[in-house]
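Right, one structure below, let's go through it.
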Amino acid sequence: MNNFAIAGVLREIADLLEIKNDNPFKIRAYRNGADIVANHPHDLASLDTPALREIPGIGKDLASRIREIAETGDAQFHRELIAEFPPTILDLLNLQGVGPKTVATFYRELDIRTLDDLERAAHDGRLRALHGMGAKKEALILKALDERKRHAGRHLLPDAHEAAAAIVAFLRERAPAADIMPVGSLRRGCDSCGDLDILASGAETSLMDDFVAYRPVERILGRGDTKSSVLLSGGFQADLRLVPRESRGAAMQYFTGSKAHNIVLRDRAMGLGFKLNEYGLYRSDDNTCVAGEHEEAIYHALGLDWVPPELRESRGEIEAAAAHALPRLVDRADLRGDLHLHSTETDGKDDVRTMAGAARETGLEYIAITDHSKALAMANGLDERRALEHAARIRAADAAGSGVRLLAGIECDIRPDGGLDLADDCLAALDLVVASVHSAFNQDRQQMTDRLLRAIENPHVDILGHPTGRLILRREPYPFDLEAVVEAAARHGVALEINCQVDRLDLNDVHAKLARERGVPIVISSDAHSRHALGTLRWGVVVARRAWLAPQDVLNTRPFAAFKAALRRNR
DNA sequence: GCCGTTTTCGGCCCGACTGTTTTCAGTCG
């Protein structure tokens with residue numbers, strides 16, 4: 001059982017307890033536990049009970065549940081809850097406007113178990129007869145059912161970014177004097193976003209009228225003077241919050257989250273004799289406002305350095321901020337090189353010269369051309385002869401000068417047995433080798449781990465490309481022992497890549513943070529297949545920031561000579 | 001269910017909006 005699967009069981013327990021109207025703090029404990037498990041860099045199935053109990057938020061009961069799930073695939077407690085309610089009932093919880101109380105009522109009063117049951121009941125007008133229900137609520141549920149069918153939820157970070165930027169621009173035009181910005185998971189740089197949170201301060205309440213009249217709005221979920229929610233045609237939900245100017249910083253803090261970060265922060269505020277909400281930081285005794293307009297001032301009043309939004313995940317940032325030990329996070333401007341680019345020699349859209357020109361324009365000093373190897377026949381992958389001829393041309397172009405230094409590399413396939421797709425003497429003759437998995441994703445955990453370890457042991461491999469193979473919102477990472485791979489990479493001096501393709505962002509934040517802590521060098525690479533794709537480096541930098549990486553943790557922030565010297569083959 | 005430099009019991013973050021209500025429950029973030 002991987003962390004994801006264990007977290008899934010815990011989350012279902014929380015959902016079912018909520019439908020049962022159990023102790024809300026117990027429910028929170030399970031939900032919190034599920035988040036901890038899902039985001040933990042270690043494979044929790046491999047830890048024993050005492051080690052699990054050392055994790056904050058995991059106590060006696062959760063530790064034994066996690067052990068039980070790891071060993072048997074399920075928990076007795078979970079089975080007992082499922083026996084009380086049909087498991088399909090959990091689908092109802094995901095509907096907009098339907099919560100646990102409503103689900104419980106539907107089940108108890110009308111024996112509604114599935115989305116289909118609910119739809120029939122709504123059509124027949126049976127819902128409105130329930131206590132606390134009416135015709136309006138019934139219509140809302142029909143709408144929610146319809147929307148669920150049309151678009152299921154989450155979006156990639158760059159898509160969310162673009163949609164939010166359009167709304168912000170629209171609102172700024174209508175309230176030029178106001179301060180309007182995206183907050184929420186967008187501001188934290190999460191790799192996917194469920195909705196768009198926009199904050200406006202110092203605007204008239206009439207801005208809400210503009211917001212709900214925004215052309216792409218398909219449906220208004222709620223409209224108030226300080227908060228409104230809408231559904232947009234692209235499937236996004238967008239929320240706009242309006243606060244007075246003097247509350248701008250408090251609201252930025254509050255609505256940026258994460259929820260876990262805010263809970264820790266408010267807990268700290270309470271302990272220090274304050275109350276913190278979206279309007280400000282107040283002294284508990286006499287309610288005087290201590291801070292509100294500036295986010296920095298709130299953190300400072302709580303004895304903390306300002307925490308960059310990307311770190312606000314309750315992963316140790318509060319403690320680090322209290323100790324004045326937050327890292328100086330890497331910026332896009334720190335990047336001097338890009339180590340993973342394709343050209344027309346395989347499946348790229350632009351030739352080496354064009355890619356070099358584009359790299360120079362974005363301010364890079366060096367790039368590696370790393371076309372595919374022969375196993376990727378679909379991409380016209382290179383065999384040994386073509387790889388060496390291509391390398392010779394790249395080196396000639398470098399000698400001729402193109403404004404950036406060029407490295408002749410390869411993205412070499414890792415075969416199912418862990419062997420590399422090109423002969424050792426060919427790999428040795430190149431400047432840089434990125435090794436990547438592009439096939440046989442369905443191997444079991446042991447096979448995949450052995451495969452990656454064998455690739456890392458090959459002395460010609462410098463970088464492991466998109467190490468987990470995940471595609472955001474589409475494909476889970478292939479199963480393997482990440483810690484073993486990180487340890488091996490540290491031992492052999494192999495760098496791990498943060499691949500900037502917007503649906504990869506692989507390594508992710510949690511894994512990259514673990515790699516850094518184990519002393520593994522990281523590279524941030526675009527994997528660009530055209531000159532336009534160099535812009536994606538910004539998203540990899542966001543992941544790196546979320547992983548607490550400072551410039552010195554990232555190899556391609558170094559000047560060309562220092563970078564080359566740091567490569568595994570040159571050490 | 002978790003947690004503890006007062007604590008092994010008794011706390012646990014906070015507010016807006018909607019639809020159903022005559023003062024509030026449920027949902028959401």
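All values derive from a computational prediction rather than experimental measurement. In what follows, chains carry the letters A, B, and so on, assigned in the order in which the sequence lines appear, proteins first and then strands, with residues in each chain numbered from 1.
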Integer angstrom distance from the [atom1] of [N] to that of [M]:
N: B/dG26; M: B/dT21; atom1: P; value: 13 Å
N: B/dT8; M: B/dG1; atom1: C1'; value: 14 Å
N: B/dG15; M: B/dG10; atom1: P; value: 26 Å
N: B/dG11; M: B/dT18; atom1: C1'; value: 31 Å
N: B/dG19; M: B/dT23; atom1: C1'; value: 14 Å
N: B/dT22; M: B/dC14; atom1: C1'; value: 26 Å
N: B/dC17; M: B/dC12; atom1: P; value: 25 Å

Original post:
Looking only at atom types and distance, does a side-chain atom of A/Asp239 sit under 3.5 Å from a main-chain N or O of A/Asp197, one as donor and one as acceptor?
Top reply: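 No, the answer is negative, given that no donor and acceptor are paired below the 3.5 Å cut-off.
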
Subject >> Donor-acceptor under 3.5 Å (A/Arg67 side chain, A/Leu47 main chain) >> reply: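 At least one qualifying donor-acceptor pair exists.
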
Rounded to the nearest Å, what distance is computed from the [atom1] atom of residue [X] to the [atom2] atom of nucleotide [N]?
X: A/Leu140; N: B/dG19; atom1: CG; atom2: P; result: 6 Å
X: A/Asp197; N: B/dG29; atom1: CG; atom2: P; result: 8 Å
X: A/Arg53; N: B/dG1; atom1: CZ; atom2: C1'; result: 11 Å
X: A/Ile13; N: B/dG1; atom1: CD1; atom2: P; result: 10 Å
X: A/Phe255; N: B/dC14; atom1: CZ; atom2: P; result: 14 Å
X: A/Asp35; N: B/dG1; atom1: CG; atom2: C1'; result: 15 Å
X: A/Arg65; N: B/dG1; atom1: CZ; atom2: P; result: 6 Å
X: A/Ile141; N: B/dG26; atom1: CD1; atom2: P; result: 14 Å

Under 4.0 Å, heavy atoms only, any strand: does [X] hit a base, just the sugar-phosphate, or nothing?
X: A/Tyr30; result: sugar-phosphate
X: A/Asn32; result: nothing
X: A/Arg28; result: base
X: A/Ala135; result: sugar-phosphate
X: A/Asn23; result: base
X: A/Gln237; result: sugar-phosphate
X: A/Ile27; result: nothing
X: A/Ile220; result: nothing
X: A/Pro100; result: sugar-phosphate

Original post:
Do NZ/NE/NH1/NH2 and the carboxylate oxygens of A/Asp225 and A/Lys227 come within less than 4.0 Å?
Top reply: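 Between A/Lys227 and A/Asp225 there is no salt bridge, as every charged N stays at least 4.0 Å from the carboxylate O atoms.
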
Between [options], which nucleotide gets closest to the side-chain atoms of [X]?
X: A/Met270; options: B/dG29, B/dG19, B/dC14; value: B/dC14
X: A/Lys101; options: B/dT27, B/dG29, B/dG1; value: B/dT27
X: A/Pro56; options: B/dG29, B/dC3, B/dT27; value: B/dC3
X: A/Leu62; options: B/dG1, B/dG26, B/dG15; value: B/dG1
X: A/Lys259; options: B/dG29, B/dC17, B/dG19; value: B/dG29
X: A/Ala29; options: B/dG26, B/dG19, B/dC2; value: B/dC2

Subject >> Side chains of A/Arg518 and A/Glu483 in contact at under 4.5 Å (non-hydrogen atoms) >> reply: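 Side chain of A/Arg518 against side chain of A/Glu483, heavy atoms only: contact under 4.5 Å found.
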
Original post:
Below 6.0 angstrom between ring centroids: does that apply to A/Tyr282 and A/Phe274?
Top reply: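 Distance test on ring centres: not under 6.0 Å, no.
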
For [N], does OP1 or OP2 lie under 4.0 Å from any side-chain N or O of [X]?
X: A/Arg223; N: B/dA16; value: no
X: A/Lys227; N: B/dA16; value: no
X: A/Tyr282; N: B/dC14; value: no
X: A/Thr226; N: B/dC17; value: yes

Original post:
Closer to the 5' end of DNA chain B via nearest nucleotide, is it A/Lys275 or A/Ile55?
Top reply: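 So the residue in question is A/Ile55.
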
Original post:
If each of A/Glu278 and A/Val98 is mapped to the nucleotide of DNA chain B with the nearest heavy atom, which maps nearer the 5' terminus, i.e. the 5' end?
Top reply: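 Closest to the 5' end, via its nearest nucleotide, is A/Glu278.
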
Original post:
Among A/Arg108, A/Arg79, A/Lys20, whose salt bridge (Lys or Arg N to Asp or Glu O under 4.0 Å) with A/Glu84 holds?
Top reply: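 So the option named by the test is A/Lys20.
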
Subject >> Qualifying residue, where the test is side-chain hydrogen bond (donor to acceptor under 3.5 Å, both in side chains) with A/Asp35 and the options are A/Arg11, A/Lys259, A/His40 >> reply: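 When A/Arg11, A/Lys259, A/His40 are each tested with A/Asp35, the side-chain hydrogen bond (donor to acceptor under 3.5 Å, both in side chains) holds only for A/Arg11.
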
Subject >> Complementary nucleotide for B/dT8 - Watson-Crick or wobble, under 3.5 Å >> reply: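 Checking every strand shown, B/dT8 finds no partner, since no pair has both distances under 3.5 Å.
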
**OP:** Specify whether A/Tyr299 and A/His261 have parallel, tilted or perpendicular ring planes, treating 30° as the upper limit for parallel and 60° as the lower limit for perpendicular.
**Re:**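 Correct class here is tilted.
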
